[in-house]
Amino acid sequence: MSDLLTGLNPPQAEAVLHDEGPLLVLAGAGSGKTRVLTHRIARLIGERGVPPWAILAITFTNKAAGEMRERIVDLVGPVGREVWASTFHSACVRLLRREADAAGLPRDFTIYDADDQARLMRQCLVDEDMDPKRFAPRAVLGQISDAKNRLRGPEELAAEAGSFSDEAVVRLYRRYQQRLAAAGALDFDDLLMVTVRMLEADEATRNRYQSRFQHVMVDEYQDTNHAQYRLVRLLGAPQDNVMAVGDDDQGIYSWRGADVRNILDFERDYPGAHIVALEQNYRSTGTILRAANAVVALNHDRRPKKLWTDAGDGEPLAVAGFRDEHEEARAVASEIDRAAAEGTRLDEIAVFYRTNAQSRAIEDQLVRRRIPYGVVGGPRFYERAEVRDAMAYLRVVANPGDVIAFTRAMGAPKRGVGPGAVAKLAAFAETHGLGIAAAVAQADMVDGLTAAQRRGLAPVGRLLADLDQAARAGLPFDQLVRMAVDGSGLRASLETEGTLEAQGRLENLDELISVAGEYQASSDDPSLQGFLDEVALQSDADTVDQETGAVTLMTVHNAKGLEFDVVMMTGMEEGTFPHSRSDTPEALEEERRLCYVGMTRARRRLGLTHAETRGFRGSREYRLPSRFLAEIPLSDTRSTGRSGARRTEAVMPRSAPGSRPGRQVAAPARFDQGDAVVHATFGEGVVTAVESRGSLVRVRFADDGTERRLMAGAAPMRKVETA
DNA sequence: ATTCAACGCTTTTTT
DNA sequence: AGCGTTGAAT
């Protein structure tokens, strides 16, 4: 009991001791919020008699949920397992599977991920006879996602629609929902929206869950979107025992609908809310903290706060500039060797970058130096084509209506059955009231198929039937996956290929079989549906394993919630970080928060690197040091290599809060199409195009005939003749 | 009708 | 650089 409070500072204890009513915990980076969360839950269970299953604790990743559950079990014993600790999405799936009837869903509904969504949307564009050039599937899906995050269905969106293209999106939205429903599928955003709608519409179900969940707790509250906010309100009512934990300085997901206002307006939404601020940092050195604070303090849309530590200053931040990303990567590798030689474990070292593509140069060097590393993100295991191909067979078995999975399965391996043949099968299924999988078994009856296609389809029909039977008979999942891999001919076709790449794919398929076996062994209640759900809701962050003995590479976004002794932030350049697409004041503030998140992951040592040129989409671009480097107090840094903070300041004036990115600062020389130019490295050339309002120019060089994109303001290039 | 080869464009971040 | 779409070959 009192041991639940040992070692806690006064505000932490205050939060842990809070019993009933809304509670907002403003938890600065490294201030021990997870401890507060778990200890409070333990206290509610152990001392206040709250049943564990009456507590809903929402975390940002499945992994965080699992860790929280473990810590609660450590504190209160095995009953702690009964706490509903999960992500928003997992909690919604759990609810929806249980209440499928109330939600108006088929019990075996499928979850569509980004790839499935894009394929489905492409079909919708065809339906609506629209040009995928003009309406990029991803862009349309983005708008639909925004709408869903705001709980707007097609009709509500129609009411908001103004322009012609808005109306097009509404039509596509409507069609998209129809196709989803026909496939018995929900996309990620539906999981939230449908849950909210069900709870709002069905009083009995709502009452049941409201009385069940006596306490609702949400971590990373600054990153909740409107649908999530509604869900918390609904489940928290009427007692409003809602605990929100978060930090407005760490809101980095506004692009996916997160609204920092949720945390800023908590007191308004929950009158009488008790507020606790955790401002003592237990993680980083004074220098790291001071530097991170200095950067984020330039934002004006934030709650003022004063994070502090009683740890010493530690070492200065290392800021270093390099010629290009390869030299940068070499330095990063050397730095890792140095830290390791000093006794730092490799799994206490992390390298961050803004975009996934940047990992490549670093990986190359680490491989060369034989430094073990792991990459979080990038091409995910479950998103690899061959893995999706194999999974498609299981998905069809779980939900015969899933057209997307069906189309995929038909095309992999190649058996001469493409979209045309699938459409015929679908039409046949439709007119005969069959599932599309059943239609395959009767491919002989389908008009318009070639003899080769009939021959190809017959075994697939048998395979699907066999898989279905095996699944019903309770065959273990690894066997099931093996059946799909072998029976479909996926394995055979890769073996025939015989290339190194095919070899890798085969390994991935074997890996999938063993993952399925692990699921079988570790799940309380294994089911095909459960396996598919887990695969769909798996995130990159869930795969972070900090005890691997390897260096970790990841994007700054993925670093949220983690900490390392040594952190290196690479690519600290204008256009890279802050990213060139973040060109509004709001977006820039988010970049700054992202920078803050990255910096505050470091416990002892923080290095920041930048390169003067960076290979980008095939060509080479010039990069100025990031403004964020100039925002760090000079006295806290030690600069080496080309440039560093000192030079940054010379090039760029300190930016005021909310100022625009530095592209204006450098007053780009004006180039027009047709101008003849001379470049220090590439020689003479002609401007072929001007982009981005004049800050980028394309130049075709006479020496090697190549065309390069250059930053007008930064490239060592002058005009020799006006067009 | 499917598959293969070249062309052109680009998502930054992800549950 | 890689992907997906487009146009030509099977």
Side-chain angles (χ1 to χ4, degrees), chain A residues 58-65 86-93 111-115 117-119 122 125 131-133 136-139 141-142 145 148-149 186-192 220 223-225 227-228 251-258 352-358 360-361 376-380 382-383 385 410-411 413-424 448-453 456 533 536-542 554-560 571 575-583 587 590-591 593-595 597-598 614-620 691 707 709:
Chain A
I58 302 290
T59 56
F60 206 67
T61 63
N62 294 299
K63 179 158 173 285
S86 69
T87 62
F88 272 109
H89 294 269
S90 300
C92 287
V93 171
I111 302 166
Y112 272 11
D113 68 9
D115 185 83
Q117 291 180 54
R119 287 166 193 270
R122 228 157 256 138
L125 285 160
D131 179 9
K133 283 272 171 55
R138 303 273 176 185
L141 283 167
S145 175
K148 289 182 176 179
N149 287 155
L186 298 186
D187 68 18
F188 281 127
D189 302 308
D190 282 333
L191 296 175
L192 297 167
E220 308 286 4
D223 282 321
T224 51
N225 61 36
Q228 293 166 334
I252 55 175
Y253 285 104
S254 71
W255 48 272
R256 106 185 170 199
F352 299 163
Y353 33 79
R354 177 67 235 271
T355 64
N356 282 119
Q358 291 168 246
R360 204 187 175 113
V376 178
R380 297 187 222 181
Y382 289 117
E383 289 175 3
M410 290 305 102
K414 303 215 178 306
R415 45 171 81 90
V417 179
V422 169
K424 281 169 194 146
L449 294 182
T450 66
Q453 287 172 332
D533 284 351
L537 297 174
Q538 174 88 235
S539 76
D540 287 329
D542 295 330
M554 66 184 129
T555 63
V556 193
H557 278 90
N558 270 135
K560 188 165 82 156
T576 307
F577 195 12
H579 196 272
S580 54
R581 295 191 48 135
S582 299
D583 56 0
E590 182 145 317
E591 294 287 306
R593 290 193 293 271
L594 190 57
C595 184
V597 167
R614 187 170 290 278
F616 183 69
R617 287 181 192 156
S619 63
R620 191 143 286 279
E691 301 171 19
E707 187 176 63
R709 294 169 82 208

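Just so it is clear: chains get the letters A, B, ... in the order the sequence lines come, proteins before strands, and each one is counted from 1.
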Between CZ of A:Arg614 and P of C:dA1 the distance, given in whole Å, is 15 Å

Can you tell me the distance, in whole Å, between the CG atom of A:Asp115 and the P atom of C:dC3? 12 Å

To the nearest angstrom, how far is A:Tyr253 atom OH from B:dT15 atom C1'? 8 Å

From the options B:dT13, B:dT15, B:dT11, select the nucleotide whose nearest atom is closest to the side chain of A:Arg581. B:dT11

Side chain to side chain contact (heavy atoms under 4.5 Å, CB included) involving A:Arg581 - partner list, sequence neighbours excluded: A:His579

Choose from C:dG2, B:dT13, C:dG4 the nucleotide whose nearest atom is closest to any side-chain atom of A:His557. B:dT13

A:Phe60 and A:Tyr253: CA distance, side-chain angles, deciding distance, ring pair (Phe, Tyr, Trp, His ring centres under 6.0 Å) verdict: CA-CA 12 Å; A:Phe60 206 67; A:Tyr253 285 104; 5.3 Å; yes

With sequence neighbours excluded, tell me which residues meet salt bridge (charged side-chain N to carboxylate O under 4.0 Å, His left out) with A:Arg360. none

Using whole Å, what does the distance between atom C1' of nucleotide C:dC3 and atom CZ of A:Arg122 come to? 10 Å

Integer-rounded Å distance: B:dT11 P and A:Arg354 CZ: 14 Å

Can you tell me if A:His89 is stacked onto the base of B:dT15, using a 5.5 Å centroid cut-off and an angle below 30°? no

Every protein N/O lying under 3.5 Å from an N/O of nucleotides 3-7 of chain B:
unit_1: B:dT3; atom_1: OP1; unit_2: A:Gly416; atom_2: N; d: 3.2

Please confirm whether the shortest side-chain N or O distance from A:Asn558 to OP1 or OP2 of B:dT14 is below 4.0 Å. yes

Residues in side chain to side chain contact (heavy atoms under 4.5 Å, CB included) with A:Arg614, at least two apart? A:Glu325, A:Glu328, A:Gln358, A:Glu573, A:Thr576, A:Ala611, A:Arg623

Whole-Å gap separating P (B:dT14) and CG (A:Asp189): 16 Å

Near-parallel close stack of A:Trp255 and B:dT12 base (under 5.5 Å, under 30°): no

Of the nucleotides B:dT15, B:dT12, B:dT13, which one has an atom closest to the side chain of A:His579? B:dT12

Mind checking side chain to side chain contact (heavy atoms under 4.5 Å, CB included) for A:Asn149 and listing every partner two or more places apart, or none if nothing turns up? A:Ser145, A:Asp189, A:Asn225

Residues forming a side chain to side chain contact (heavy atoms under 4.5 Å, CB included) with A:Ser90, sequence neighbours excluded: A:Asn62, A:Ser86, A:Thr87, A:Leu537

Say we look at C:dG4 and B:dT13: how far apart would their P atoms be, to the nearest angstrom? 15 Å

Rounded distance in Å - CZ (A:Phe577) to P (B:dT11): 20 Å

Does OP1 or OP2 of B:dT14 have a side-chain N or O of A:Thr555 closer than 4.0 Å? yes

Side chain of A:Thr355 (C-beta onward), nearest among B:dT12, C:dT5, B:dT15: B:dT12

Does A:Asn356 place a side-chain N or O at less than 4.0 Å from the phosphate oxygens OP1/OP2 of B:dT14? yes

Minimum heavy-atom separation for A:His89 and A:Leu192, please, with both atom names. CE1-CD1, 3.8 Å

Can you tell me the distance, in whole Å, between the CG atom of A:Asp583 and the P atom of B:dT12? 12 Å

Rounded distance (nearest 0.5 Å) linking atom CD1 of A:Ile58 with atom CD of A:Gln228: 8.5 Å

Taking OP1 and OP2 of B:dT12, is either one under 4.0 Å from a side-chain nitrogen or oxygen of A:Arg256? no

